[in-house]
Protein chains: 4
Amino acid sequence: MARARSPEKRAAILEGAVLEIAENGLGAATAKIAQRAGVAEGTLFTYFANKEELLNELYLELKGEVYARVNAGFPQKASLERRAQHVWTTYLDWAIEFPMKRKASVLLNVSDVITADTRARAAIGRELVDAALTELEGRGGLKGLPAGFAAATMSAIQEAAMDFIAKYPKQRKDLTERGFLLLWRAVK
Amino acid sequence: MARARSPEKRAAILEGAVLEIAENGLGAATAKIAQRAGVAEGTLFTYFANKEELLNELYLELKGEVYARVNAGFPQKASLERRAQHVWTTYLDWAIEFPMKRKASVLLNVSDVITADTRARAAIGRELVDAALTELEGRGGLKGLPAGFAAATMSAIQEAAMDFIAKYPKQRKDLTERGFLLLWRAVK
Amino acid sequence: MARARSPEKRAAILEGAVLEIAENGLGAATAKIAQRAGVAEGTLFTYFANKEELLNELYLELKGEVYARVNAGFPQKASLERRAQHVWTTYLDWAIEFPMKRKASVLLNVSDVITADTRARAAIGRELVDAALTELEGRGGLKGLPAGFAAATMSAIQEAAMDFIAKYPKQRKDLTERGFLLLWRAVK
Amino acid sequence: MARARSPEKRAAILEGAVLEIAENGLGAATAKIAQRAGVAEGTLFTYFANKEELLNELYLELKGEVYARVNAGFPQKASLERRAQHVWTTYLDWAIEFPMKRKASVLLNVSDVITADTRARAAIGRELVDAALTELEGRGGLKGLPAGFAAATMSAIQEAAMDFIAKYPKQRKDLTERGFLLLWRAVK
DNA sequence: GATGAATGAGGTTTCATTCAT
DNA sequence: TATGAATGAAACCTCATTCAT
């Protein structure tokens, strides 16, 4: 059952999953994941009913981690631009700091193992971000477009920016700032 | 002479691969792919040495198909904006028309089975697009950023746009146009 | 603790391998071997990483079994002739008693799956035999010939003797004795 | 059918089989054999009904080749010792000259694909050898032992000798001569 | 709860043989 | 006759999951 005795072990398994998935894709073997986590093959299944659940939980964990970062220090009273920039920068920093997590996150995202329910649950914790992005969507460039388009666009440009930051780490600061400018010009 | 290798059969296998991958991810079974293509399990391996080669060939095929479309009717003499818009629209149309191909393309793209060599070979046929995008990179929004950033940004925004067009097909025209405007404002 | 790996199961797999190989050669299917051993196909691979390892381990097992027999009751203080005869007789008896093992052993021997390392490791446990045969090589018939030639010659004549004993089991005793006489006259 | 149009092609296939079998054992793929022979996969089956027949034919070919050599220049009127030595030397020379053929021959010999009928047919052409060996069997060391034991013993010692000649080619002459002496002392 | 041996379905790939060309 | 594409059974091996310990 999913009643975890040791949160450390649970975390270790998720961590192992990140590494294995980043290296071998979603086809990563549960046995390898367990091994990386330093637990027995069977132990994995006392923390997660099956592989699918593990992947969905991992998705939630990764999203949750990012949102927690974004929410901490969120400049709630600042201008829309400052708030948007906070979201932009925080996520970019996280992705650069944890490239494996980002890789796993991307793979989970495009796969079909993540259920609609999981995606919905991942939205919780994203209220502040959503509020800012919704405000953005009332603006010039995005007015009239479907809800969520701003978020999608931002995240899309971020993916591009991240790939380049990964390739040219020295230009990280520049790419982060100029990337946001690009976005801002697009949507403002 | 013995029977000649049939381009139709090769195409059928690639087509089967697209469908299976779109439904089941890159873990799609070669046996299922062969079945979809209407050939025997073993036949797949007379056309592709192994699954990895099949996936790499499929990648080339999909990229090639898109570039062929883009190149056909490319307004070489037109303004940069018109050329950029041509690229934008053509790719978007292709992706909307063949959602399975797009899905497979995305999965291949983020996976690690596509070799650097294959990615390099895929670049052939993209000269016109590259020329336009390179010109774009000399412009205001992107000046000084690494080469390829324009292409990445465009493709990133396109991915976002496509997701929404898939969800709201009725707004296709609007999303296509407004999406490009977004991009254009960002980079000009 | 989980279930411990069972030496009985390991032995059963090796036993199954002997039978299958004796009947079908080294091409014997791992599935058939597992079936003979009364375990699941997959179980075989928890005991041996792959078929090659299984074959190498089997080789060691068979050699080890013979040497154990030879060493038990080895007349260490007796004359060279008596010691040589002990080796001769013991091996011959083993081969007659376990024709399947001998068959498997022969096939493994001439195949290329047995690594140099395995062959080297098999030498351990053969010290007594080697000592006797080395002493033999200092004698008339073999003096000046490369080390190991005595062993090779003995084993060669034994192979011949065994084939005949297999064909004429009633003359077993006579063939065993006369065969040794042959050898002895050759090398003394 | 086995009605060969081109003896050259047939020979090429057998030659290819020798090389492939020497390298990969009897599991050698017919396609690879055909490739080595410079003919198409299917062509192999116009010369040999199936793989089993190919292997049996190859066995006959190899045995035939050796016996042809032995018979050519057979000192029919010479002493038994000289005749035995002729057999000994000729075979050893052949095996040293064509190590691949010898390897294939050994593998075929210990396998079960060679039918009793094939083995019987291989005996044709061995009359001179058999006559000499039969005479040998009437002698001291072998008297009373089953027919064929002399041949088996000789061939057994030869195998040992060959292994060593292969390892120490410089001692070839010495090993050939001393090996025969060994045999001769054993049986005379 | 933790462990890892056991399982067997399923995956990729090979291969002898057939047969259209 | 020669060719090599086509076939599908069968080979080796992996893996998610179960369960005895």
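Values in this document were obtained by computation on a predicted structure and should not be read as measured data. Chain letters run A, B, ... following the sequence lines, proteins first and then strands; every chain starts at 1. What's counted below: heavy atoms across the whole structure, side chains too, no hydrogens, waters or symmetry copies.
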Pairs where residues 103-121 of chain C contributes a residue and the test salt bridge (Lys or Arg N to Asp or Glu O under 4.0 Å) is met, not counting sequence neighbours
C:Lys103-D:Asp112, C:Asp112-D:Lys103
To the nearest Å, how far apart are [X] [atom1] and [N] [atom2]?
{"X": "D:Ile13", "N": "F:dG4", "atom1": "CD1", "atom2": "C1'", "value": "14 Å"}
{"X": "D:Glu8", "N": "F:dT1", "atom1": "CD", "atom2": "P", "value": "16 Å"}
{"X": "D:Ile33", "N": "E:dT14", "atom1": "CD1", "atom2": "P", "value": "17 Å"}
{"X": "C:Leu26", "N": "F:dC12", "atom1": "CG", "atom2": "C1'", "value": "15 Å"}
{"X": "A:Asn24", "N": "E:dG11", "atom1": "CG", "atom2": "C1'", "value": "16 Å"}
{"X": "C:Arg3", "N": "E:dA5", "atom1": "CZ", "atom2": "C1'", "value": "5 Å"}
{"X": "B:Gln35", "N": "F:dT7", "atom1": "CD", "atom2": "P", "value": "13 Å"}

With DNA chain F as reference, determine whether A:Gly42 or B:Gly42 sits nearer its 5' end, using the nearest nucleotide of each.
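That would be B:Gly42.
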Mind listing the closest non-hydrogen atom pair of D:Leu54 and D:Ile13 along with its distance?
CD1-CG2, 4.1 Å
Any heavy-atom pair between the side chains of B:Glu61 and B:Val18 that's under 4.5 Å?
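SC-SC contact between B:Val18 and B:Glu61 ruled out.
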Secondary-structure stems for DNA chain E, with pairs counted as Watson-Crick or G-U when both distances are under 3.5 Å and runs at least 3 long
E:2-21 with F:2-21
For the side chain of B:Val39, counting heavy atoms from C-beta on, which of F:dT7, E:dT3, F:dA6 is nearest?
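Out of F:dT7, E:dT3, F:dA6, the nucleotide with an atom closest to B:Val39's side chain is F:dT7.
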Which nucleotide in F:dC12, F:dT17, F:dG4 has an atom nearest any side-chain atom of C:Ala29
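Side chain of C:Ala29 sits closest to F:dC12.
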Does the base of F:dC12 carry an N or O that pairs as donor and acceptor with the side chain of C:Glu41 under 3.5 Å?
no
Listed once per pair and sorted, the side-chain hydrogen bond (donor to acceptor under 3.5 Å, both in side chains) pairs that draw on residues 38-51 of chain B, sequence neighbours left out:
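Qualifying pairs: none.
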Please work out which residues in residues 43-59 of chain B have a non-hydrogen atom less than 4.0 Å from an atom of DNA chain E and list them by number.
B:Phe45, B:Asn50, B:Lys51
Specify the residue among B:Gly27 and C:Ala40 whose closest nucleotide of DNA chain E lies further upstream toward the 5′ end.
C:Ala40
When you measure from the side-chain N and O atoms of C:Lys9 to the phosphate of E:dA5, is any distance below 4.0 Å, counting only OP1 and OP2?
no
For B:Arg5 and F:dA5, is the shortest distance between a side-chain N/O and OP1 or OP2 below 4.0 Å?
yes
First locate atom OG1 of D:Thr115, then atom CG of D:Leu55, and finally report the distance between them rounded to the nearest 0.5 Å.
11.0 Å
Which value, rounded to the nearest 0.5 Å, describes the distance between B:Thr118 atom OG1 and B:Tyr59 atom OH?
8.5 Å
So, using salt bridge (Lys or Arg N to Asp or Glu O under 4.0 Å) as the criterion, who are the partners of D:Glu23 when residues are at least two apart?
D:Arg36
Does D:Glu57 have any salt bridge (Lys or Arg N to Asp or Glu O under 4.0 Å) partners at least two apart in sequence or in another chain, and if so, which?
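Only D:Arg10 meet the salt bridge (Lys or Arg N to Asp or Glu O under 4.0 Å) criterion with D:Glu57.
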B:Ser105 side chain to B:Arg102 main-chain N or O, any donor-acceptor pair under 3.5 Å?
no
What residue among C:Ile33, C:Leu58, C:Leu14, C:Asn56 forms side-chain contact (heavy atoms from CB on, under 4.5 Å) with C:Phe48?
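Exactly one pass, corresponding to C:Leu14.
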NA contact type, D:Ala34, heavy-atom cut-off 4.0 Å: base, sugar-phosphate, or nothing?
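Here D:Ala34 touches no strand at all.
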